[in-house]
Amino acid sequence: MPALAGLTRRRLVLWAAAASPVAFAQRPDVARRVCFLFSSASGRNMLPAQLLREGLAEKGWVEGRNLVLDVRVTDVRNPAGTAIAARELLAAPCDLMVTSTDQQAAEVARYSGSVPVVFAYGLDPVGLGVVRSLARPGGNITGYSAMDREIAAKRIQILKELIPRLNRLVVLHPVADDGARASAAGLAAIAQSLSIAATPTPYTAANLGLVYADMSRTGIQATLSVPSQLAFAVRRELAALAIQHRIPGIFGSPEFADTGALVSYGVSLNAAFRRAGTLADKILRGASPSNVPVEQINVYEFVLNMKTATDMGLRIPNHVMLQATRVVG
């Protein structure tokens, strides 16, 4: 060990401690490489990256000082792009990988090895096998769970208050999303337990028009949408088709109602990206994902779009309006 020959025992111990991963993790002055992978409709939307950047900055991680944020955004219409982008990011040493969803984290796990992973928004991380349990993830992945199935009954209740004679609805979910497909089956079962016939219905960005035309033809009264990256990416198209066919729908993220959907009840996806900076900070400072519980998001927004209600010819009862966090349009 020629390079270390001149070191005293004490200096050698200090050198070894400083070189250890834990010591390195607790030195925020050292630039850390955080990889961020997410999808958008065009493959060009950089807002999520900016929101994560802000969340990290709030915890003291600033680009150009102690942070290198390496971003890949894929086209949500091309699921194969996630694997390609993940391999590109992991080709160089990565201190932490952040993904937008638990579904994406499951895909990244095939290539990430021991690299810690944080997902910003999870629907069913246990069901997907991403973590062993919410309290003890047990591997190298942790994140935030929206507990979407648990609030599905509330969404269905809102639809029933808007459409008193509701007895038939469709649960929309993307074709190429295993997590969303499983969630759709669970949501349909909840609806059926409330005496509403519910049919899980897959869609792609390309066939949305045909799906809505078929729902209109068969007398579907409402839609319940499984939160997903694809749904978020095509939210304006979903809103426009719902108005065109006069089929009320409820969505998870408030951004849907803000862009024309009738009603939303759930967690802001944009807020989720900023919030991911908090868990990322814990990992960067030395915490092991296996011991960092998946945090449950329990703050939900209920947003009504009155312009859309008028366009659909719906009258919103006063007691429903009073429940809303916000009324737009």
Side-chain angles (χ1 to χ4, degrees), residues 21 25 32-41 43 45 48-49 52 68-146 148 173-186 202 204-205 226-233 269 272-273 276 279-280 282-284 287-295:
R32 313 301 300 278
R33 180 170 179 257
V34 174
C35 302
F36 182 33
L37 176 61
F38 66 96
S39 300
S40 75
N45 176 23
L52 175 61
V68 175
L69 185 61
D70 199 346
V71 178
R72 293 292 185 282
V73 52
T74 65
D75 189 329
V76 72
R77 296 174 175 85
N78 177 23
T82 294
I84 296 170
R87 289 196 294 265
E88 286 180 0
L89 285 169
L90 293 164
C94 180
D95 294 298
L96 173 68
M97 172 75 79
V98 178
T99 68
S100 51
T101 65
D102 51 353
Q103 178 72 24
Q104 225 170 22
E107 179 70 20
V108 166
R110 301 178 186 179
Y111 315 101
S112 59
S114 60
V115 174
V117 179
V118 167
F119 55 85
Y121 184 90
L123 286 179
D124 189 13
V126 176
L128 285 172
V130 174
V131 297
R132 293 176 191 169
S133 72
L134 298 182
R136 290 186 172 273
N140 65 328
I141 303 176
T142 189
Y144 292 92
S145 173
D148 201 68
H173 68 89
V175 169
D177 187 327
D178 293 338
R181 187 182 304 112
S183 291
T204 65
V226 174
S228 68
Q229 291 182 96
L230 179 58
F232 192 78
L269 290 181
F273 292 123
L279 275 186
K282 291 182 180 180
I283 305 304
L284 290 172
S288 169
S290 64
N291 298 322
V292 176
V294 174
E295 295 192 15

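In the displayed structure, R132 atom CZ is contacted under 6.0 Å by at most 12 heavy atoms of other residues, nucleotides or ligands.
Checking each of D102, V118, L279, T142 against V294 for a side chain to side chain contact (heavy atoms under 4.5 Å, CB included) leaves exactly one that passes, namely T142.
Although no hydrogens or angles enter the test, the distance criterion places a donor-acceptor pair under 3.5 Å between the side chain of N140 and the main chain of G113. Under the 3.5 Å distance criterion, the side-chain polar atoms of Q104 are left unmatched by any main-chain donor or acceptor of T99. Put simply, the side chain of R181 never gets that close to the backbone of H173: no donor and acceptor are under 3.5 Å apart.
No side-chain heavy atom of R32 sits less than 4.5 Å from a side-chain heavy atom of V68. Side-chain contact between L90 and S112 is present, with at least one heavy-atom pair separated by less than 4.5 Å. Taking 4.5 Å as the limit, every side-chain heavy atom of L134 sits out of range of all side-chain heavy atoms of P293. Between P125 and F119, the closest side-chain pair of non-hydrogen atoms falls below 4.5 Å.
Closest heavy-atom contact between V115 and M97: CG1-N, 4.1 Å. Nearest heavy-atom pair across S228 and P174 is OG-CG, 3.2 Å. Of all heavy-atom pairs between R33 and A92, the closest is NH1-O, 3.0 Å. Between A86 and Y111, the shortest heavy-atom distance links the atoms CB-CD1, 4.2 Å. Summarising the geometry of E107 relative to A83, their closest heavy-atom pair is OE2-CB, 3.4 Å, with the distance given to 0.1 Å. Looking at every heavy atom in both residues, S100 comes nearest to F36 through N-CE1, 4.4 Å.
Note: F38 and F273 have tilted aromatic rings, judged against thresholds of 30 and 60 degrees for the angle between ring planes.
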Practice task
Verify side chain to side chain contact (heavy atoms under 4.5 Å, CB included) between V126 and V131, making sure each step is shown before the conclusion.
Solution key: CA-CA 5 Å; V126 176; V131 297; 3.9 Å; yes
Handout entry: Audit row: S145, E295, side chain to side chain donor-acceptor pair (under 3.5 Å) steps and yes/no
Key = CA-CA 6 Å; S145 173; E295 295 192 15; over 6 Å; no
